[in-house]
Amino acid sequence: MAWAKKRTTKDGTVRWTGVYRDTLRRERSAGTAPTKRQALQLATEQELAVAHDDWVGPETGMLTLDTYFTEHWLPNRDYEVKTLIGYQSDYNKAVGPTFGHLPLREITNSKVQGWVASMRRAGVSATSVQSRFKLLQTVLAARRGASAMRDGHIRSNPCAGVLVPVLTRRDVSVYTPDQIDRAFACLERWWLPMTGFLVDSGCRWGEAQGVLVSDLTGDPSSYVVAVRHTIVEVTKAASGNGTRFVAKNYPKTRQPRRLRLSAETSRLVHGAIVERELTGDDRVFARQGSKRHKHTIARTPEWPGGIPVSTGFFRGIWHRACQEAGVPQLRIHDLRATNISWLFAGGADLATVQQRAGHTQMATTQRYVSALDDVDERALSALEVVRSRSRPRSA
């Protein structure tokens, strides 16, 4: 309960100080007044603010963003290695240089909006602007986990209502079956099982790199693969093992899934396992050994089951095959898009495709429907079937 303390100045004047307790139950002064009643009113107002979570102490928000980010926020975030690397990069490039020296209370809505506008004027891509803005908003007012607001350093979110550029999704690009066949004909023999697996399973690159021999079950002519591991590419400094790879015992969505492979891909994969003498925890699609041991996988003490393949390394191999075959040199990720689009073209329903692709959001899966060249023709054909049902039949 608020109270008032009597004070007498050097000249004998009586003053009253209103006193209350803050959120940590510490005594606080609400100011002085000539009468006890006025002092109590000041203290009661502050006491009500504390009770309604509207109280702001005099030292609130004086911590700089640099101090809060490096000493309080970043060390306490339980995120993936690659996510933390992205956070650190965005902070060092854009967030820190602009706001790092400021006390948290001085980061205002107008300053954040001006920062976003200045990045756009400087030609920063919409993707980078959104990524940097999202980091600042997460640090200041994350919906979950630690944030400056939740820790009581600021009372409102200075990022609320800020206008950021809208992202335009890139068109989905896919290969036709003929293009895949032509590219495969020009691909080096070592890479056929892995590339066939990517097209047949629709797995993400890291998920394919994580497949172990023990993840394959069933008949070698019709394998079922358990997608439950992932290889992530990071910097050597971030990996902690002296290489550019980190192994995780779960896929991207943290939900393992099982996929049946076609007979053709199963035979390719089984042939690779036999020829490369792979067993148990060996990686099925590891890097090729030296020229002297070109039929075995490359191994190191850090990766006894086989060194993973980087996307950059394989991109050169795949694009050379595409160039020789005269087909488009699309991204490696577009092999996954090709699989998903082919599933729709073959008549698979949305829920089945979503489960097989490992998407958490159905909207993500739906993007691939429009990637098919004949999507309009199939839609019109479906409409014609419905219309024909109601038309009178000729005698």
Side-chain angles (χ1 to χ4, degrees), residues 1-77 87 90-92 94-119 132-164:
M1 178 178 289
W3 68 97
K5 288 183 178 180
K6 185 178 180 180
R7 298 183 183 277
T8 304
T9 63
K10 291 181 180 180
D11 61 0
T13 303
V14 176
R15 303 283 292 180
W16 293 86
T17 300
V19 185
Y20 68 99
R21 294 190 184 277
D22 65 16
T23 54
L24 297 178
R25 307 303 297 165
R26 296 172 298 189
E27 286 191 15
R28 292 279 188 176
S29 169
T32 60
T35 67
K36 182 178 181 180
R37 181 177 179 180
Q38 290 174 324
L40 279 172
Q41 184 176 355
L42 291 174
T44 301
E45 289 175 355
Q46 291 299 317
E47 190 174 61
L48 288 173
V50 171
H52 291 87
D53 203 27
D54 291 329
W55 177 80
V56 178
E59 75 283 1
T60 300
M62 293 305 295
L63 202 67
T64 65
L65 181 64
D66 272 344
T67 300
Y68 181 71
F69 179 80
T70 58
E71 297 181 13
H72 301 274
W73 189 83
L74 194 63
N76 296 315
R77 300 297 288 191
Y87 281 162
D90 282 341
Y91 190 85
N92 292 339
V95 179
T98 304
F99 300 107
H101 66 287
L102 294 177
L104 291 168
R105 69 194 307 172
E106 293 184 18
I107 301 175
T108 62
N109 189 270
S110 59
K111 287 180 180 178
V112 176
Q113 185 66 77
W115 171 60
V116 169
S118 67
M119 286 192 288
R132 296 168 181 179
F133 172 78
K134 182 179 178 181
L135 171 61
L136 178 62
Q137 181 164 248
T138 302
V139 173
L140 296 178
R143 293 180 179 178
R144 293 180 294 177
S147 72
M149 273 187 66
R150 190 166 281 109
D151 287 340
H153 295 295
I154 55 176
R155 305 308 303 172
S156 62
N157 176 15
C159 296
V162 171
L163 299 175
V164 294

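Residue numbers count from 1 along this sequence. As a basis for the values below, the full set of heavy atoms in this structure was taken, side chains included, without hydrogen atoms, waters or symmetry mates.
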Close side-chain approach of [X] and [Y], heavy atoms under 4.5 Å:
| X | Y | result |
| --- | --- | --- |
| V95 | F69 | no |
| L65 | Y91 | yes |
| F133 | V112 | yes |
| L135 | R132 | no |
| R21 | R28 | no |
| Y20 | L42 | no |

Smallest separation among heavy atoms of [X] and [Y], with atom names:
| X | Y | answer |
| --- | --- | --- |
| A142 | S147 | N-CB, 3.4 Å |
| R155 | G152 | NH1-CA, 4.3 Å |
| K134 | T138 | O-OG1, 2.7 Å |
| M62 | P103 | O-CB, 3.8 Å |
| A39 | T17 | CB-C, 4.0 Å |
| S156 | M149 | C-SD, 3.6 Å |

Just by distance, do the side chain of [X] and the backbone of [Y] share a donor-acceptor pair under 3.5 Å?
| X | Y | answer |
| --- | --- | --- |
| E47 | A2 | yes |
| K111 | E106 | yes |
| N109 | A160 | yes |
| Y68 | L104 | no |
| R15 | T9 | no |

Gap between atom [atom2] of [Y] and atom [atom1] of [X] - 0.5 Å precision:
| X | Y | atom1 | atom2 | value |
| --- | --- | --- | --- | --- |
| T32 | W16 | OG1 | CH2 | 13.0 Å |
| I107 | L136 | CD1 | CG | 6.0 Å |
| R37 | T44 | CZ | OG1 | 11.5 Å |
| Q137 | N157 | CD | CG | 5.0 Å |

- Is atom NZ of K36 surrounded by more than 12 heavy atoms (other residues, nucleotides or ligands) closer than 6.0 Å? no
- Item | Atom CZ of R7: over 12 foreign heavy atoms under 6.0 Å | no
- Would you confirm whether the ring centroid of W73 sits within less than 6.0 angstrom of the ring centroid of Y87? yes
- Task: Check the angle between the aromatic planes of H72 and H153 and answer parallel, tilted or perpendicular using the 30° and 60° thresholds.
- Result: tilted
